[in-house]
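Report on one structure; see the data block that follows.
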4 protein chains.
Amino acid sequence: MEQHHDTATAARLKSYIERIERLEEEKAGLAADIKDVYAEAKGAGFDGPTIRKIVSLRKKDDAKRVEEDALLKAYKEAIGMV
Amino acid sequence: MEQHHDTATAARLKSYIERIERLEEEKAGLAADIKDVYAEAKGAGFDGPTIRKIVSLRKKDDAKRVEEDALLKAYKEAIGMV
Amino acid sequence: MEQHHDTATAARLKSYIERIERLEEEKAGLAADIKDVYAEAKGAGFDGPTIRKIVSLRKKDDAKRVEEDALLKAYKEAIGMV
Amino acid sequence: MEQHHDTATAARLKSYIERIERLEEEKAGLAADIKDVYAEAKGAGFDGPTIRKIVSLRKKDDAKRVEEDALLKAYKEAIGMV
DNA sequence: AACGCATAAGTAAGAC
DNA sequence: GTCTTACTTATGCGTT
């Protein structure tokens, strides 16, 4: 029964879309929360962009910690990069 | 007491930063969840980019969508695009 | 002589890196030029996003465009989107 | 004369679009050149991803050189970041 | 109100 | 061949 198959397929498609939309809503909510914290910090006299930079630096530092690659080091030495 | 003030200020700054980092972690978790749903949909035979487009279309309000379409059509006609 | 080999290798590595950096600079220059044209068009009263869409549409070959449209339409119908 | 105005407008729109397309072609050409250099370096026995990382690090270092902001430093000290 | 930036999305290339 | 990762592009947000 072709109709049945189409209907079931359509239902599953719709379900995927709605799950995605739900998750994206939650994500947008968190983005708003983050925005609020920045606003609150600003209200307390802190500079938003600088906080942003700090957060970003801490993230990068974490990433960099892993990146102690021997090959990279060798290449850097080869081209006289410290 | 100047020292006290500085310490308290520093503590508040740190608190803001940590709240932001916590929220961003949760946000990243949701982003990963969304990615998983797309993968699952793909596994079920659906086309990811098309689902993405649907989700994006549903987000836009109708008026805006119609307006954008009209402008695009006008530009296409102006340059002789079909 | 091991030292000689290492030096030559290092020199070639450095040369590759510098060629890449030079090319990337030129590329960045062109990106800036493109941005300028968009700004100029906007100043003349045209809508940037719509121009962007036109450029992108002209890039895609027709077959692909038709195919994507058909899939999108099918999904929209499946979930009862107009 | 309304018709005249429309024609002139359409011509200018088309001109902007074609300028953008021309610049994007050149940009794509440079991207291809860069790819070629990576391929050549790989053929000479160097590791592509590592070169990529070097190039990226040198770019970041340049950016960072400018970034000696007093406020940033103050914030970092406040939260005990080195 | 516009400008630039920063994040987010989409796409394409490379690795396993 | 799939899967992840990096790059490019696009949109929205904060700032001036």
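Not measured: the values here are computed from a predicted model. Per chain, numbering begins at 1; letters A, B, ... match sequence-line order.
Of all non-hydrogen atoms in Ile51(A) and Ala41(A), the two that sit nearest each other are CD1-CB, 3.8 Å.
Between the CD1 atom of Ile51(A) and the P atom of dT15(F) there is a distance of 12 Å, rounded to whole Å. The separation between Leu57(B) atom CG and dT11(F) atom P is 12 Å, rounded to whole Å. The CD1-P distance, from Ile34(C) to dA10(F), rounds to 10 Å in whole Å.
In this structure, the separation between OH on Tyr16(B) and CD1 on Ile54(A) is 15.5 Å, given to the nearest 0.5 Å.
Residues Arg12(D) and Thr9(D) are in side-chain contact: their nearest non-hydrogen atoms beyond the backbone lie under 4.5 Å apart.
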Go through the steps to decide whether Tyr75(C) and Ile17(A) satisfy the test side chain to side chain contact (heavy atoms under 4.5 Å, CB included), and finish with yes or no. CA-CA 11 Å; Tyr75(C) 279 28; Ile17(A) 290 169; 5.9 Å; no
Test Glu26(C) against Asp33(D) for side chain to side chain contact (heavy atoms under 4.5 Å, CB included), laying out the working first. CA-CA 11 Å; Glu26(C) 291 180 50; Asp33(D) 289 348; over 6 Å; no
Where along nucleotides 7-16 of chain E does protein come under 4.0 Å, by heavy atom, of base (B) or sugar-phosphate alone (S), with - for untouched nucleotides? SSSS----S-
